[in-house]
Structures are given as C-alpha cells and as structure tokens.
Amino acid sequence: TSVLFVDDDMAFVKIVQHHLQKFQDHEFKMVWKDNVEDALEETKANPSLDIILTDYQLGGATGLDFCLQLNQLNCQIPIIFITSTRDVKLAIEAMKLGVEDFLVKDDLTESLLPRTILNVLERVKRHKQMQEVEKRLLIAEKQAEAIRQLPVTVCHEFNNPLAAIKISSDLLQRQQLSEDDLQQ
C-alpha cells in the first residue's frame, strides 16, 4: 500500500513510519512530504498512491487547504486526517471536504493507524464497486427501455405505409364505384 504522509513534524513522521512497519504481513510504502506544495506535486507525479495521511497544521497552510486543492485537481485518493486537536468542528469541515477518517495523534496506537488505513481503503473499494454496479444497472435499465420502445417504433413505422396504402385503396375503390355509376 502506497501512502503519502504530509506532516512537518519529523519526530511524528518517525512514529508513523514505525506504526506502518509490516503490520500483519501488510507492507506500507510511505512517501513523506513536509508541505502542501510538495505534497500536491507528489499526487500529480505519483498515480500509484493509495491513500493520503495529512496533519492539520502544515507550516503556512492547513490540511483543509490541502484537501481543497486536491478537490480542485479532482483527486480521488482517499484522505485520513491525523492531528493533535480534538476539534469536532475541524473534523466536520474535513469530512465535508471528503476526508475519509479523522484521527487524533495522542490516540494512535501501533495498530490503530494501519487498521484505519486498511479499513478506509476497503470502504472506498466497496463504494466504488457499488457505484459501478449502480452504473451497470442504470445502463441495463436504459437498454431495457430501448428494447421496450422498439416494437412501438416498428409498429409505427409499419402503420404509416399501411395507412397510406389503405387510403389509396379506398380512393381507388371509390373511383371504381363512381365509374360503375357512370356506366349504368
């Protein structure tokens, strides 16, 4: 699993690296950036990123700024906020920007972070699968509707020439009758 970690606290970066070492035979490959600009460049340059972990305080910018910029790039990589504050309003704002989970640094245990990453990735995968199924169902419904409309269209296409033939036949019959009347 390829992880982009955005945090300007080198001591915490080392803690995260330790937490992500070979968790239950799952290998995490971490790329670390200490500012938003470098992190944005990494997301553009590295399409193999599976998940982004970001702190809230990032020097001159915030994790929310980072998320806004990722949204503007239409970035589909799931994001987990890891911050030292227990601010519920911040968590709500982050979730509004599409952040998948919100962790407090002091609560991190050796297994919490890797489990959260794996859970988020699984949840995102299931969500994409559901969207794909819904998309296929919508296409199937549209195809079924088109098939249901086909007989109506075909009947309409046959009806017009048949109606014209009937009108012509009626006119010919009337004309034949008129000629017979004249001959008597």
Side-chain angles (χ1 to χ4, degrees), residues 1-10 12-13 15-105 107-143:
T1 302
S2 181
V3 178
L4 172 60
F5 182 44
V6 188
D7 196 320
D8 56 0
D9 179 356
M10 188 60 189
F12 189 68
V13 171
I15 291 169
V16 168
Q17 281 177 324
H18 175 74
H19 287 332
L20 296 182
Q21 286 178 356
K22 291 263 184 179
F23 172 75
Q24 295 179 348
D25 296 328
H26 194 92
E27 190 173 335
F28 293 93
K29 183 182 137 208
M30 189 175 93
V31 177
W32 170 61
K33 299 296 175 186
D34 65 355
N35 63 70
V36 170
E37 294 78 24
D38 290 347
L40 286 169
E41 287 304 313
E42 184 67 28
T43 58
K44 292 176 194 173
N46 190 350
S48 67
L49 288 172
D50 295 309
I51 196 157
I52 297 171
L53 310 176
T54 185
D55 188 14
Y56 175 68
Q57 293 296 336
L58 297 168
T62 68
L64 292 178
D65 297 330
F66 181 42
C67 290
L68 279 169
Q69 291 175 17
L70 288 171
N71 287 345
Q72 289 170 350
L73 294 173
N74 200 23
C75 180
Q76 300 297 313
I77 304 168
I79 303 166
I80 297 175
F81 247 64
I82 303 176
T83 186
S84 55
T85 179
R86 294 185 188 277
D87 187 346
V88 174
K89 288 181 184 176
L90 173 61
I92 291 170
E93 287 303 310
M95 298 297 181
K96 285 180 184 176
L97 292 174
V99 169
E100 293 289 334
D101 215 324
F102 190 94
L103 300 174
V104 177
K105 288 181 178 182
D107 295 342
L108 285 186
T109 62
E110 203 164 304
S111 66
L112 179 63
L113 180 58
R115 282 185 188 180
T116 301
I117 291 171
L118 295 175
N119 288 340
V120 165
L121 290 174
E122 184 60 32
R123 186 171 61 235
V124 168
K125 179 181 168 186
R126 280 195 314 269
H127 181 70
K128 285 180 182 176
Q129 287 171 338
M130 288 299 295
Q131 285 180 322
E132 207 42 52
V133 166
E134 288 171 2
K135 181 179 170 185
R136 285 195 301 263
L137 282 172
L138 183 61
I139 289 169
E141 285 176 20
K142 292 200 180 290
Q143 288 172 336

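Heavy-atom basis, side chains included; hydrogens, waters and symmetry copies ignored. Everything numeric here is computed off the predicted structure, so don't read it as measured data.
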Inspect the contact between Glu122 and Arg126 and indicate whether a charged nitrogen and a carboxylate oxygen are less than 4.0 angstrom apart.
yes
Take Phe66 and Ile52, measure what side chain to side chain contact (heavy atoms under 4.5 Å, CB included) needs, and give me the verdict at the end.
CA-CA 11 Å; Phe66 181 42; Ile52 297 171; 3.6 Å; yes
State, with a plain yes or no, whether a side-chain heavy atom of Gln129 is found less than 4.5 Å away from one of Lys125.
yes
Would you say Asp7's side chain and Phe12's backbone share a donor-acceptor pair under 3.5 angstrom?
no
May I ask you to test the Met10-Trp32 pair for a side-chain heavy-atom distance under 4.5 Å?
yes
Please check if the number of heavy atoms outside Met130 that lie under 6.0 Å from its CE is greater than 12.
no
For Ala39 and Val6, which heavy atoms make the closest approach, and how far apart are they?
CB-CG2, 3.5 Å
Is there a side-chain contact between Leu4 and Thr54 (heavy atoms, below 4.5 Å)?
no
With a 4.5 Å cut-off on side-chain heavy atoms, are Asp34 and Asp38 touching?
yes
Contact between Ile51 and Val120 at the side-chain level, heavy atoms closer than 4.5 Å - yes or no?
yes
Between Lys105 and Asp55, does at least one N-O distance fall below 4.0 Å, as a salt bridge requires?
yes
Salt-bridge criterion met for Asp107 and Arg86 (N-O under 4.0 Å):
yes
With Thr1, the side-chain hydrogen bond (donor to acceptor under 3.5 Å, both in side chains) member among Lys29, Glu27, His26
His26
Determine, step by step, whether Tyr56 and Leu64 satisfy the side chain to side chain contact (heavy atoms under 4.5 Å, CB included) criterion, reporting the C-alpha distance in whole Å, the side-chain angles of both residues, the deciding distance to 0.1 Å, and the verdict.
CA-CA 7 Å; Tyr56 175 68; Leu64 292 178; 3.9 Å; yes
Side-chain heavy-atom pair Asn35, Asp8 within 4.5 angstrom cut-off:
no
Is the shortest heavy-atom distance from the side chain of Gln69 to the side chain of Leu73 under 4.5 Å?
no
Do Asp101 and Phe81 have side chains that get closer than 4.5 Å, going by heavy atoms?
no
Side-chain donor/acceptor of Arg123 to backbone N/O of Glu100, under 3.5 Å:
yes
With a 3.5 Å distance limit and no angle check, can you tell me whether Asn119 reaches the backbone of Arg115 through a side-chain donor-acceptor pair?
yes
Specify the closest pair of heavy atoms between Thr43 and Leu49, including all atoms of both residues, with the distance to one decimal.
CA-CD1, 3.9 Å
CG/Leu103 to OG/Ser84 distance, rounded to the nearest 0.5 angstrom?
12.5 Å
